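These values consider heavy atoms only, across backbone and side chains, with no hydrogens, waters or symmetry-generated copies. For clarity, every value in this text was computed on a predicted model and none was experimentally measured.
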Amino acid sequence: MEHTFVREELARVRAQAQVRSRSRFTHADAVAVGQEALRIAADGALPVVIDVRRGDQVVFHAALEGTTAEHDDWVRRKVNTAVRHEIPSYEFLLRQRESARVPDWLDPTEFAVAGGAVPVVVEGSVVGTVTVSGIVTSPEGDHDLAMAALGALEAPVSVGS
């Protein structure tokens, strides 16, 4: 059962590559994605931190009621994972579950094996991240909120364009 779930989730997350690929990702785009994530979180009364970056710059940040500085540290470590591996941190988590091992080089003070950080790609390069931290009811919850916000942004491009 677990193995089937992991394979299906990996396929679903990998199929989202087109949504993560953009023709551009400006400051205005980052703010719009952050505002959409905030709207979704507020509508659901979700206790989350939302972080949207262009490169290393935090362009949008919101910490909703029920979060602590610990959530900000999770964001930092999730971003490190997504940027280092150029895949969503949830995909990294699923790959670790599929292989049944975590790399021995992984420093848990710097990297999180948890979903929620989604890299934004322009012309094949990671140019930013959309990260959510705080949904503890499911391992995919943070990832799905980040993807919903990113998906609401206009003009995704085809992978390879």
Side-chain angles (χ1 to χ4, degrees), residues 6 9-22 24-27 29-38 40-41 46-64 66-153 156 159:
V6 169
E9 280 294 277
L10 271 170
R12 181 178 75 91
V13 171
R14 289 174 176 154
Q16 296 170 338
Q18 184 172 353
V19 176
R20 298 188 310 265
S21 295
R22 318 300 306 177
R24 67 176 202 292
F25 192 63
T26 65
H27 277 74
D29 294 331
V31 170
V33 169
Q35 289 172 334
E36 179 63 12
L38 181 59
I40 294 167
L46 300 172
V48 296
V49 166
I50 299 160
D51 179 278
V52 184
R53 300 176 186 206
R54 286 188 71 237
D56 291 332
Q57 184 182 22
V58 176
V59 177
F60 184 95
H61 183 89
L64 300 181
T67 62
T68 68
E70 180 70 16
H71 291 91
D72 290 318
D73 192 53
W74 275 97
V75 164
R76 178 187 64 81
R77 293 182 298 129
K78 289 176 181 188
V79 168
N80 287 348
T81 299
V83 171
R84 166 72 64 93
H85 298 283
E86 298 182 351
I87 59 173
S89 61
Y90 183 49
E91 183 175 344
F92 186 81
L93 166 70
L94 293 167
R95 286 181 179 187
Q96 302 323 299
R97 285 188 178 174
E98 183 178 52
S99 70
R101 65 179 194 80
V102 174
D104 57 6
W105 59 262
L106 188 77
D107 179 353
T109 65
E110 295 300 319
F111 299 92
V113 182
V118 174
V120 179
V121 176
V122 174
E123 296 181 7
S125 296
V126 174
V127 299
T129 52
V130 179
T131 308
V132 175
S133 183
I135 300 175
V136 296
T137 55
S138 68
E140 68 276 5
D142 290 341
H143 172 84
D144 288 347
L145 196 158
M147 284 302 302
L150 187 57
L153 187 64
V159 175

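Counting only residues at least two apart or in different chains, side-chain hydrogen bond (donor to acceptor under 3.5 Å, both in side chains) contacts with residues 110-120 comprise R76-E110. Judged as a salt bridge (charged side-chain N to carboxylate O under 4.0 Å, His left out), the pairs with a partner in residues 96-107 (not counting sequence neighbours) are, in order, E2-R97.
A heavy-atom distance below 4.5 Å is found between the side chains of D72 and H61. Looking at heavy atoms from C-beta onward, H71 lies out of side-chain contact with V75 at the 4.5 angstrom threshold. Two residues are said to be in side-chain contact when any heavy atoms from C-beta on lie closer than 4.5 Å; L64 and L38 meet this criterion. Inter-residue side-chain proximity for V48 and I135 is flagged as met; some heavy-atom pair is nearer than 4.5 Å.
For F60, there are no ring pair (Phe, Tyr, Trp, His ring centres under 6.0 Å) partners at least two apart in sequence or on another chain. With sequence neighbours excluded, the residues satisfying side chain to side chain contact (heavy atoms under 4.5 Å, CB included) with V127 are F25, V120, V122. Judged as a side chain to side chain contact (heavy atoms under 4.5 Å, CB included), and not counting sequence neighbours, the contacts of A32 are L153. Applying the side chain to side chain contact (heavy atoms under 4.5 Å, CB included) test to I40 and every residue at least two apart in sequence or in another chain returns E36, L145, A148. Applying the side-chain hydrogen bond (donor to acceptor under 3.5 Å, both in side chains) test to Q96 and every residue at least two apart in sequence or in another chain returns nothing. For D144, the side-chain hydrogen bond (donor to acceptor under 3.5 Å, both in side chains) partners at least two apart in sequence or on another chain are R12. For R53, the side-chain hydrogen bond (donor to acceptor under 3.5 Å, both in side chains) criterion is met by D51, not counting sequence neighbours. Remark: T68 engages no residue in a side-chain hydrogen bond (donor to acceptor under 3.5 Å, both in side chains) (not counting sequence neighbours).
Across every non-hydrogen atom of L93 and G115, the tightest pair is CD2-N, 4.3 Å. Closest heavy-atom contact between V132 and K78: O-NZ, 3.1 Å. Here the closest heavy-atom approach between residue L106 and residue P108 is recorded as O-CD, 3.3 Å.
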Please report, to 0.1 Å, the donor-acceptor pairs under 3.5 Å made by any side chain of residues 81-92, with sequence neighbours excluded.
unit_1	atom_1	unit_2	atom_2	d
T81	OG1	R77	O	3.1
T81	OG1	A112	N	3.1
T81	OG1	A112	O	2.9
S89	OG	A114	O	2.7
S89	OG	G116	N	3.2
S89	OG	A117	N	2.9
Y90	OH	E9	OE1	2.6
E91	OE2	R14	NE	3.1
E91	OE2	R95	NE	3.4
E91	OE2	R95	NH2	3.0

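Here the options are I50, V49, L46, the test is side chain to side chain contact (heavy atoms under 4.5 Å, CB included), and the partner is T67; only V49 passes.
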